[in-house]
Amino acid sequence: MRFAFTEQQTEFRDAVRQVLTKECTPDDLRAAFDAPAARTERWTTLAEMGVVGLTVPEPRGGLGLDLLDLVPLLEEAGRSALPEPLIETTGLAAPLLAAFESGRAVDWLERIAIGEVTAAVAPVDVISGSVGSPAGQAAVPAAVGADLYILSSASGVHAVPSTDVTVTPVPSLDPTRRLGTIDWEPATTTLIASGEVAREALAHLADRASVATAAELLGLADRMISIAAAYAKERNQFGKPIGSFQAVKHLLAGAQVKLEFARPAVYGAAWSLGQVEPAGSASGSRGASLAKAYASDAATEAARVSLQVHGAIGYTWECDLHLYLKRAWALAESWGSSADHRSRILASLVDELHQTQA
């Protein structure tokens, strides 16, 4: 069977790339470093294109599409290091609200679709898939300035408006991630899932988050390799561009190979979660973990190689590379590191073997 994105998917991806090329330049990223914000004119533009509401059901004003349709757009978001919370809002919060659509969830979905709401989602334990403790104990991406928070407690999964939480900003090397710790009271918030349903929802949420984050890492890796390759053509040493040296070529080629191996793993995991596997299935979760592990490895290798090609200048504010390095290093650890996910795959396979032998 041959897998390929449809013409509509690639056209949508190309349209998003054109917009972000114009509206999410390195200068725009530097401005976002100085004044990070959840909703911007760029977010409004993406909402008008249908990107923000892509996973919102059509009756609620969205496009009603799935993770496979979102992955190419997240890859473009990664290539531009998009400062806005596309993963958290469109990749995670909207599908979860749609799955348990009732009462206030309807309003949230409609407002997400038109770009009025951004979300923050507190990571759960992606190794065990268990219901997490209140999120005030850990820094949550996109927490500062969000309108809606998807949080978990012993009682289940909650949709919490910004008026019902207290957010304390946490410093970050990449301020555009807007990290914060969250204090809240589960008893006074809207419970959208509880018990076994909540545990399954959180496990599936972790799988979606792993694949969505992996997709952004693909774009980041591609951008860093491109920046390094361009610099290697311009930087002269011993009377020649350093890109003409075999050692530099091998560095860049090795990073590109890792990226090309990661891409099908991410695309395959998105297809599996969205089209084939039931929520929380063992094989679907293993695919998500494989995607995140491969993409994290590809992005960290691209970061290492691109920084080595640049030398110390790659760390400096004037060099565009650092804008993408910081995001790649952060996302490589977000929702489970490469080592975490490899351990998760091993545990799943061993458990499956034991069940077969029992």
Side-chain angles (χ1 to χ4, degrees), residues 5 10 13-14 16-17 20-21 24-26 29 67-68 70-84 86-87 91 141 173-174 176-177 209-233 243 247-271 287-311 313-315 319-342:
F5 287 109
T10 55
R13 177 203 65 196
D14 293 344
V16 171
R17 179 181 295 186
L20 294 182
T21 297
C24 195
T25 66
L29 290 178
L67 183 60
L68 184 61
L70 182 61
V71 156
L73 311 188
L74 289 172
E75 193 171 347
E76 294 306 317
R79 184 175 283 107
S80 298
L82 181 70
E84 287 78 22
L86 190 61
I87 288 179
L173 286 176
D174 181 358
T176 65
R177 298 191 73 224
S210 297
V211 176
T213 305
E216 278 211 8
L217 285 166
L218 293 181
L220 284 160
D222 187 78
R223 184 61 176 267
M224 288 184 292
I225 293 170
S226 297
I227 291 173
Y231 181 77
K233 294 176 183 178
V248 175
K249 291 179 181 178
H250 284 180
L251 281 173
L252 294 170
Q256 187 68 39
V257 167
K258 277 189 175 289
L259 173 58
E260 296 307 325
F261 269 94
R263 272 203 174 103
V266 176
Y267 297 163
W271 178 77
S289 285
L290 181 70
K292 182 57 166 63
Y294 272 36
S296 293
D297 287 347
T300 52
E301 178 67 3
R304 183 189 70 82
V305 165
S306 59
L307 185 56
Q308 187 171 352
V309 169
H310 278 76
I313 195 175
Y315 283 114
C319 182
D320 292 345
L321 179 63
H322 82 95
L323 300 167
Y324 308 95
L325 288 174
K326 292 171 180 175
R327 180 70 62 83
W329 287 329
L331 293 187
E333 300 297 317
S334 181
W335 293 97
S337 68
S338 176
D340 290 335
H341 282 285
R342 285 188 166 87

Tell me if a side-chain donor or acceptor on [X] pairs with a main-chain N or O of [Y] at a distance below 3.5 Å.
X: S80; Y: A77; answer: no
X: S334; Y: A330; answer: no
X: S337; Y: E333; answer: no

Are any non-hydrogen side-chain atoms of [X] and [Y] less than 4.5 angstrom apart?
X: I227; Y: S306; result: no
X: P72; Y: T10; result: no
X: F261; Y: D297; result: no
X: I225; Y: V305; result: no
X: L68; Y: F5; result: yes
X: M224; Y: L307; result: no
X: V71; Y: Y267; result: yes

Query raised in the report: Any salt bridge between D222 and R263, counting N to O under 4.0 Å?
Result: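 Yes, D222 and R263 are salt-bridged.
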
Rounded at 0.5 Å granularity, tell me how far [atom1] in [X] sits from [atom2] in [Y].
X: R223; Y: E76; atom1: CZ; atom2: CD; answer: 10.0 Å
X: L220; Y: E75; atom1: CG; atom2: CD; answer: 10.0 Å
X: I87; Y: T213; atom1: CD1; atom2: OG1; answer: 4.0 Å
X: Y315; Y: L325; atom1: OH; atom2: CG; answer: 8.0 Å
X: E216; Y: L331; atom1: CD; atom2: CG; answer: 6.0 Å
X: W335; Y: S289; atom1: CH2; atom2: OG; answer: 12.5 Å

Search all heavy atoms of [X] against all heavy atoms of [Y] and return the closest pair with its distance.
X: G336; Y: H341; answer: O-CD2, 3.4 Å
X: P83; Y: R327; answer: CA-NH2, 3.8 Å
X: V211; Y: A269; answer: CG2-CB, 3.8 Å
X: S210; Y: K292; answer: O-CD, 3.7 Å
X: L29; Y: C24; answer: CD2-SG, 3.8 Å
X: L73; Y: R13; answer: CD2-CA, 3.7 Å

Report task. Begin with the C-alpha distance, continue with both residues' side-chain angles, and end with the deciding distance and a verdict on side chain to side chain contact (heavy atoms under 4.5 Å, CB included) for L321 and Y231. Result -> CA-CA 10 Å; L321 179 63; Y231 181 77; over 6 Å; no

Query raised in the report: Run the side-chain hydrogen bond (donor to acceptor under 3.5 Å, both in side chains) check on R342 and S338 step by step: do they pass?
Result: CA-CA 6 Å; R342 285 188 166 87; S338 176; 2.2 Å; yes

